[in-house]
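Heads up: the structure comes next, in structure tokens.
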Amino acid sequence: MAEKGGLEGVVVARSRLCSIDGEHGVLIYGGYDIRDLAEHSSYEEVCFLILRGRLPSRAELDAFSGDLVAARDLSEETCSVIDMLAAGAAPMEMLRTAVSVDSVGDPDRASNDPDANFRKATRLIAKMPTMVARYDRVRRGHEPVAPDASLGHAGNFLQMLTGAAPGPSAEKTFDVALILHADHEMNASTFTARVIASTLSDMHSAITGAIGALKGPLHGGANEQVMKLLLAIGGDRDIDLEIRERLARRERIMGFGHRVYKTYDPRAVILKEFSRQLAGESDEPHWFSMSDHIEHVVLAEKGLYPNVDFYSASTYHYLGIETGLFTPIFAMSRVVGWAAHVIEQHADNRLIRPSSEYVGAALRPYVAIDRRAAETTPV
Ligand SMILES: CC(C)(COP(=O)(O)OP(=O)(O)OC[C@H]1O[C@@H](n2cnc3c(N)ncnc32)[C@H](O)[C@@H]1OP(=O)(O)O)[C@@H](O)C(=O)NCCC(=O)NCCS
């Protein structure tokens, strides 16, 4: 068994999708540096790249974007489940359930063929933003806002969420944030999706499981915890003291550290600049300055760099997005990566079925229930 556990360093699949150079802080999707994609591409273009393995022509992008627009509406069943959950379910509970329910009406639900999987991936990418926006509006007592075919993926989501057309800079920032979260090699939720796909189960089951894995605070749930930390510290407290005390109590500072990056996460570099810019336009610049301060303290004290979740928190907050939606937004973006991994797994499948090292009791005789003494009960 690997010394540290957690499958660290274990290669579980061959993939053409995404690669991380953790020493140098470089992340590539299908051969393209995410810094180039963030600067020049849209989320729709990046989805095509991840699903098809190459950048689209103009005509291909128009057709794919049109397919996404056409698939944004939800079925009546999915709407009614979301509306029912809006009052009591947490955002990730809602999303996990809504994606699962959505399989019921999907015309390709019985097929794992590559074309059927591509169509299901397209529909899930298109529908998850509608699910999140509808849930948020219903739980606030507002009417849901219908998708707007004239807007791109990022702008349409922001409009469905807030009811107002976003400005170009908010739309661009959000689009880049979606690009940066679209895939990330063999992370915990992607592995979950591949394990489920490897049983020859279906796309919706794999994505539902992946959402469950993303929800945890050691994975996608960290972005919400970062914002909670910023809000808890507030503007007044001594940040150096606060962080040092938390570290002395052996608490984890959310948004720092990574299994693969041993330097600055390149996604955090880009998001930090967005957070800085938005702070400059905001009457609450302290969320950025606090984040920057915390970054310096954690680096000095622990040698840990920020990961994608650290500056996405203040960036989303500046965009007016409520903290509880940060992780569903991560899922809304990552769905393309999960789906591409499912397609890749189905294309060259062998059941993922690892082993465990048994550390339980040695073989022993069975004792009938009325002759069992309390002390023979194993712990
Ligand atoms: C991401 C993460 C789970 C990776 O963990 P990992 O590869 O399993 O690393 P480990 O948990 O073995 O941590 C190694 C050491 O660094 C410390 N460490 C790692 N991340 C830390 C953090 N965010 N804050 C404080 N200490 C941290 C651990 O306590 C451990 O110290 P120790 O050896 O003295 O016990 C971990 O860095 C973490 O919990 N980060 C916070 C959650 C987060 O931001 N998740 C989003 C990831 S994109």
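Numbering starts at 1 and runs along the sequence shown. When a ligand or atom number is given, it counts from 1 through the structure's own listing order.
- Evaluation of the salt bridge (Lys or Arg N to Asp or Glu O under 4.0 Å) test over residues 311-335, restricted to residues two or more places apart or in two chains, returns R139-E322.
- Within 4.0 Å of ligand 1, heavy atoms belong to protein residues P217, L218, H219, A222, L247, R250, E251, R252, I253, M254, G255, F256, G257, H258, R259, K302, L304, N307, D309.
- Shortest non-hydrogen contact noted between E284 and Y318 is O-OH, 2.8 Å.
- Pairs passing the salt bridge (Lys or Arg N to Asp or Glu O under 4.0 Å) check and including a residue from residues 252-269, sequence neighbours excluded, read E8-R259, D265-R267.
- In this structure E273 satisfies the side-chain hydrogen bond (donor to acceptor under 3.5 Å, both in side chains) test together with R276, sequence neighbours excluded.
- At a threshold of 4.5 Å between non-hydrogen side-chain atoms, the residues R194 and V342 do not count as touching.
- The aromatic rings of F64 and F118 sit tilted, their planes meeting at an angle between 30° and 60°.
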